[in-house]
Amino acid sequence: MRGWTHFLSGLVMASFFPELLADLRLGILWPVLSGVFGYLPDFIDFKFKRFLWKRDYEIDPAPWDPKTKIAPTRIKIRDLDERKRWQLYSIEGVVTSIVEESSDKLVFKLRDDSGEIRVEAVKEDLGRLRKAYKDVEVGMKIEVMGFLDIDSFGKKFVVADAPHPQLIASTIAKAIDEAYETGRMVTVKVHNIRMAADVYRRFLIHYDTPTRTIKVYMGPLVTVGGMPIRGTETPEYRKVAEASTKYPFIKVYPRPTVIDAFSGPEIGYRRTVLPDGTEVVEEVFIPWHRRFSHSFTAGALAALILYPLLLLLGYPHAVQLAIAAMLGYWMHVIEDQLGFMGSNLFPPITKDRIPGLMLGPNIYTAMNFATAWAMIAIAVWNINRFTVPRPIPLPDIYLLPLLLIPTIIIYAYGVVDSISFRRLYKKYWKYYAAMEALEEREEVGGL
């Protein structure tokens, strides 16, 4: 759920207490703390915990320029080593020789004050280079954008407008294998790609479970709002990269991970045992998120801390506000449990996230709206029943269901959507199981 939905849900919990409603009518804003507590779990995670979590690998496909905060950053030729392979950079220098030239390929050598490197431009990338410089000639000073690669002749700088996706695929595959072999959580931070004019290069990470392959698709430039920009798609010859893992893995949410305008995710990988006893590596999306902070235990502790502080400050309705704040905190936990990721609900009794209900996987915005509508309906219902005379002269038992009609309809559709998704999910796992069985039969000579 969105942050404002959580805040609204927490604030509405104060409406269950006539004393807090009376304070709000008088302009006393202490009850707003219940809304703050409704947002508090995410505040703890995203403002504090994320910075304390250890990252084992950081994938930065296109490092930002330290001054402009956009990619690519200019780099000296001598600094292009194998550790920077496939990352997007720009280099500037003088053309010293033309090695090969045809209608769809140009190879030349470029020198700056630190060294020399072979530069290669093919097909669409060559067309873009010729559009910028017309004819590339010896002695010409040019700046080219692209990535370092290595072939049988050694290092070469490939002209491109996007990093090669192989860096991302290979690093994730390596992290999965390391998680299986070490038995510990391995965390990977994937950075996004911010280009000039405040646009972003979209890319997708797909976990092909049956074939034990990580596939990365480099997509078009998109706006901050996620709208693709026509004509910015990457050429087919550098659009897709694959990397195989030695060990099986699973992804709870069987859809590609999309990275574009917002800060890239952190993904954890850990070895786990499936109900049938099979050991696999499980993807844990944002591993520092929705742990102790997103639990009923944390909500109760937060309320216990708030109560004496309210007493010290002399607030007369400290008990009611502490309970409302706890309910607001719990509402955040409940709302998050409607989705996929789930939360660690009852630590220390529970150790890991309990999977969510997966309601409305394809109608996320509508589910947010339905939840916000429900909170507003509850607030109206509470205000009505604590006001004399009642503005709406209907019995409480009839008024609330009437107000909740839009929420009930959308949530019902969310249940249907969830059932449809779960069927697809089962089909996905049947395919995975069939592939595993096939591999086992091949190993023992059964085919």
Side-chain angles (χ1 to χ4, degrees), residues 1-7 42 46-47 50 58-75 86-90 123-125 127-129 131-132 143-147 158-169 171-172 188-207 214-241 253 255-267 285-286 289 339-341 360-369 372:
M1 294 293 172
R2 302 282 187 190
W4 62 266
T5 305
H6 291 312
F7 178 84
D42 281 349
F46 286 94
K47 301 301 181 183
R50 66 182 297 185
E58 290 207 36
I59 304 175
D60 194 352
W64 291 0
D65 182 275
K67 293 182 179 179
T68 63
K69 306 299 182 185
I70 60 174
T73 185
R74 187 182 297 175
I75 191 172
W86 300 310
Q87 289 180 297
L88 186 68
Y89 289 103
S90 72
K123 299 180 181 179
E124 289 97 324
D125 296 313
R128 192 181 301 108
L129 181 64
K131 185 177 181 180
E143 181 179 2
V144 290
M145 179 169 62
F147 55 84
V158 180
V159 176
D161 62 351
H164 197 286
Q166 192 62 53
L167 170 68
I168 307 164
T171 306
I172 290 177
V188 177
K189 167 67 178 179
V190 185
H191 292 273
N192 65 351
I193 303 171
R194 184 185 182 189
M195 306 296 288
D198 205 23
V199 296
Y200 297 78
R201 177 69 66 179
R202 172 178 289 165
F203 59 95
L204 291 76
I205 303 171
H206 174 63
Y207 296 77
I214 303 299
K215 298 180 179 179
V216 179
Y217 302 79
M218 194 61 62
L221 293 175
V222 300
T223 65
V224 175
M227 292 297 293
I229 300 173
R230 184 178 298 177
T232 62
E233 294 81 5
T234 51
E236 291 296 327
Y237 53 84
R238 55 179 174 84
K239 179 177 288 186
V240 183
Y253 189 37
R255 288 180 177 174
T257 300
V258 180
I259 300 163
D260 46 35
F262 296 101
S263 176
E266 290 179 50
I267 307 170
F285 193 69
I286 317 181
H289 188 34
F340 284 81
M341 194 182 298
N362 297 306
I363 54 168
Y364 176 78
T365 302
M367 293 296 292
N368 258 289
F369 170 79

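The analysis underlying the following values was restricted to heavy atoms, covering all of them including side chains, and did not include hydrogens, waters or symmetry mates.
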Residues that Y200 engages under ring pair (Phe, Tyr, Trp, His ring centres under 6.0 Å), provided they are two or more places apart
none
Among residues at least two apart in sequence or on other chains, which ones pass side-chain contact (heavy atoms from CB on, under 4.5 Å) with A162?
R201, M218, T234, R238
Set of residues satisfying side-chain contact (heavy atoms from CB on, under 4.5 Å) with respect to F369, sequence neighbours excluded
W373, I410
Can you list the residues that meet the ring pair (Phe, Tyr, Trp, His ring centres under 6.0 Å) rule with H289, with sequence neighbours excluded?
F46, H294
What residues, two or more places apart in sequence or in another chain, satisfy side chain to side chain donor-acceptor pair (under 3.5 Å) together with T232?
none
By the definition side-chain contact (heavy atoms from CB on, under 4.5 Å), identify the one residue from V188, I205, I259, L204 that meets it with I168.
I205
CD1 of I267 to CD1 of I59, rounded to nearest 0.5 Å, is 7.5 Å
Side chain to side chain donor-acceptor pair (under 3.5 Å) filter on R50, not counting sequence neighbours, yields none
T223 meets the side chain to side chain donor-acceptor pair (under 3.5 Å) criterion, sequence neighbours left out, with none
Return the set of residues passing salt bridge (charged side-chain N to carboxylate O under 4.0 Å, His left out) with R128 (not counting sequence neighbours), or none when no residue passes.
D125, D161
Which residues share a side-chain contact (heavy atoms from CB on, under 4.5 Å) with Q166, sequence neighbours left out:
W86, H164, A169, S170, A241, A243
The criterion is side-chain contact (heavy atoms from CB on, under 4.5 Å); which residues satisfy it with N368, sequence neighbours excluded?
M1, R2, T5, Y364
Would you find a donor on one side and an acceptor on the other, under 3.5 Å apart, between the side chain of K215 and the backbone of V240?
no
Salt bridge (charged side-chain N to carboxylate O under 4.0 Å, His left out) contacts touching residues 226-236 (sequence neighbours left out):
E236-K239
By salt bridge (charged side-chain N to carboxylate O under 4.0 Å, His left out), E124 pairs with (sequence neighbours left out) none
Apply side chain to side chain contact (heavy atoms under 4.5 Å, CB included) to T73 and Y89, showing your working.
CA-CA 5 Å; T73 185; Y89 289 103; 3.6 Å; yes
